[in-house]
Protein chains: 2
Amino acid sequence: MQEQLKLDNQLCFRLYTAARLITQAYHPLLSGIGLTYPQYLVMMVLWEQDAQPVNDIAKKLYLETNTVTPLLKRMEAEGFISRSKGKADARQVIVKLTPKGRKLESQASCIPFQLGQAVACRSITPETAPGLYEMLDDLIHTLSSAGR
Amino acid sequence: MQEQLKLDNQLCFRLYTAARLITQAYHPLLSGIGLTYPQYLVMMVLWEQDAQPVNDIAKKLYLETNTVTPLLKRMEAEGFISRSKGKADARQVIVKLTPKGRKLESQASCIPFQLGQAVACRSITPETAPGLYEMLDDLIHTLSSAGR
DNA sequence: TATCTTTGTATCGCGAACGATATAAATAAA
DNA sequence: TTTATTTATATCGTTCGCGATACAAAGATA
């Protein structure tokens, strides 16, 4: 059996698994405020800057519009955001927070801390985390620029 | 705006994005042999050890059977595996490689190398990778044991 | 033996992801 | 000003991923 074809030797499987498990850890916290994890990501983008076209949101999340559009529609149906035609460019759809969506920020403010507890482990520390972030950022940059 | 609620400060978003992008990098390589990435993971489990019950495969991939069962059915329909009732325990479904599935291993053997090229970046090197693996393994272990 | 509990797998429903494709508005070229 | 091209979103179909739930076989208990 090829050593390289073992699960234990693969970076992607680790990332795939870690991403799924940490998203699962978010679930009980997010369901309390009525959001899924991808929806929470969109909210963070909008809390940081309100009133953005779909494309800007998609780019910040490294997602395609065919993923983001249905996501936004569900969030609109839930009353967290509004979607309206752009005035300068009629092709654009501008996404804005509703009062309900804006109010959610304070309710979500404790989530990063709560999650920090769940994720706390021996090898990820204030000393090692920056190195981990750098590696992941580098990987993301390499893969996202290679894709075009 | 809360600093903790920024996308840039979050481990989960990095993992989520990195996992998606690296899975996308696999796509052109895997579609050539007719597999999706999760199906490729199942094949690796079976190449390492043939004839396993559904539950063993699910555990090794940190997935639930309600994800794995439909996955296996699609793979059975494609002719890569067979599913048969266990003899010792009639509840179990034993998953085996078909000749077609076994033959795929040699065709897949170049994939890890090809992907290594795509993933190659400054900060992930033979020196830093073991540390990265350790952090991810630790995180996976922490999250998977906390979940029960 | 009859009943209760656990275990292994499967079904259902919904929300992502994403490749492929479509559509309309904006821009460029002829 | 037509015509062609690019850009911003959206639609469609398929495959995950997973919470909730169902069901039958196996094991434990009464």
Side-chain angles (χ1 to χ4, degrees), chain A residues 13 16-28 30-32 34-42 52-59 61-78 80 83-95 143-144 147-148, chain B residues 13 16-28 30-32 34-42 52-59 61-78 80 83-95 143-144 147-148:
Chain A
F13 175 60
Y16 161 83
T17 304
R20 281 191 310 100
L21 293 179
I22 197 166
T23 302
Q24 283 177 36
Y26 269 99
H27 189 264
L30 289 173
S31 68
L35 292 173
T36 65
Y37 183 70
Q39 291 173 4
Y40 173 62
L41 293 179
V42 171
Q52 297 188 54
V54 173
N55 215 9
D56 287 22
I57 297 172
K59 280 213 168 66
L61 299 181
Y62 299 87
L63 289 168
E64 301 298 318
T65 61
N66 56 1
T67 298
V68 174
T69 293
L71 192 56
L72 292 173
K73 285 188 170 181
R74 284 186 287 268
M75 294 175 72
E76 186 182 32
E78 295 290 332
F80 295 122
R83 302 185 315 134
S84 53
K85 274 250 170 85
K87 282 159 195 163
D89 188 333
R91 291 170 303 180
Q92 290 185 332
V93 168
I94 308 297
V95 181
L143 291 168
S144 64
R148 274 167 293 110
Chain B
F13 175 61
Y16 162 83
T17 304
R20 280 192 311 102
L21 294 179
I22 197 167
T23 302
Q24 283 176 37
Y26 270 99
H27 188 264
L30 289 173
S31 68
L35 292 174
T36 65
Y37 183 71
Q39 290 172 5
Y40 173 62
L41 293 180
V42 171
Q52 297 188 54
V54 174
N55 215 7
D56 288 21
I57 297 172
K59 280 211 168 67
L61 300 181
Y62 298 87
L63 289 167
E64 301 298 318
T65 60
N66 56 1
T67 298
V68 174
T69 294
L71 191 58
L72 292 173
K73 283 189 170 181
R74 284 184 288 268
M75 295 175 72
E76 185 182 33
E78 294 291 331
F80 296 122
R83 302 185 317 133
S84 52
K85 274 251 170 86
K87 282 160 195 162
D89 188 333
R91 290 171 303 179
Q92 289 185 334
V93 168
I94 307 298
V95 181
L143 290 168
S144 63
R148 276 168 290 109

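Proximity note for V54(A) (side chain, C-beta onward) versus dA25(D), dT9(D), dG17(D): the nearest is dT9(D). Distance from the side chain of N55(B) is smallest to dG8(C) among dA17(C), dA26(C), dG8(C). You'll find that the side chain of V93(A) is closest to dA10(D), out of dA10(D), dA16(C), dC18(D). Listed nucleotides: dG19(D), dA10(C), dT6(D). Nearest to the side chain of N66(B): dG19(D). Listed candidates were dA26(C), dT15(D), dA17(C). Nearest to the side chain of P38(A) is dA17(C). Set against dG19(D), dA8(D), dT9(D), the side chain of H27(A) has dG19(D) as its closest nucleotide.
Here R74(B) does not reach the OP1 or OP2 of dT15(D): none of its side-chain N or O atoms lies under 4.0 Å away. Contact between the side-chain N/O atoms of T36(B) and the OP1/OP2 oxygens of dC16(D) is found at a separation under 4.0 Å. A sub-4.0 Å separation between OP1 or OP2 of dA10(D) and a side-chain N or O of T69(A) is present. Look at K73(A) and you won't find any side-chain N or O under 4.0 angstrom from OP1 or OP2 of dT9(D). OP1 or OP2 of dA10(C) sits under 4.0 Å from a side-chain N or O of R83(B).
Taking only distance into account, the side chain of R91(A) never meets the base of dT9(D) through a donor-acceptor pair shorter than 3.5 Å.
Between the C1' atom of dG17(D) and the OH atom of Y37(B) lies a distance of 15 Å, rounded to the nearest Å. Taking atom CD of E64(B) as the reference point, atom P of dG17(D) lies 12 Å away to the nearest angstrom. The CG-P distance, from L30(B) to dT14(D), rounds to 20 Å in whole Å.
Using modelled atom types, one side-chain atom of Y37(B) and one backbone atom of F13(A) make a donor-acceptor pair closer than 3.5 Å. Looking at Q39(A), its side chain does come within 3.5 Å of a backbone N or O of T36(A) through a donor-acceptor pair. Within the 3.5 Å criterion, the main-chain N or O of K85(B) finds no donor-acceptor partner in the side chain of R91(B). Within the 3.5 Å criterion, the main-chain N or O of L63(A) finds no donor-acceptor partner in the side chain of T67(A).
In terms of position on DNA chain D, the residue among Q92(A) and Q24(A) whose nearest nucleotide sits closer to the 5' end is Q92(A).
Note on Y16(A): only backbone sugar-phosphate atoms sit closer than 4.0 angstrom, heavy atoms only; bases stay farther off. Nucleic acid contact class of P53(A) (heavy atoms, under 4.0 Å, all strands): sugar-phosphate only.
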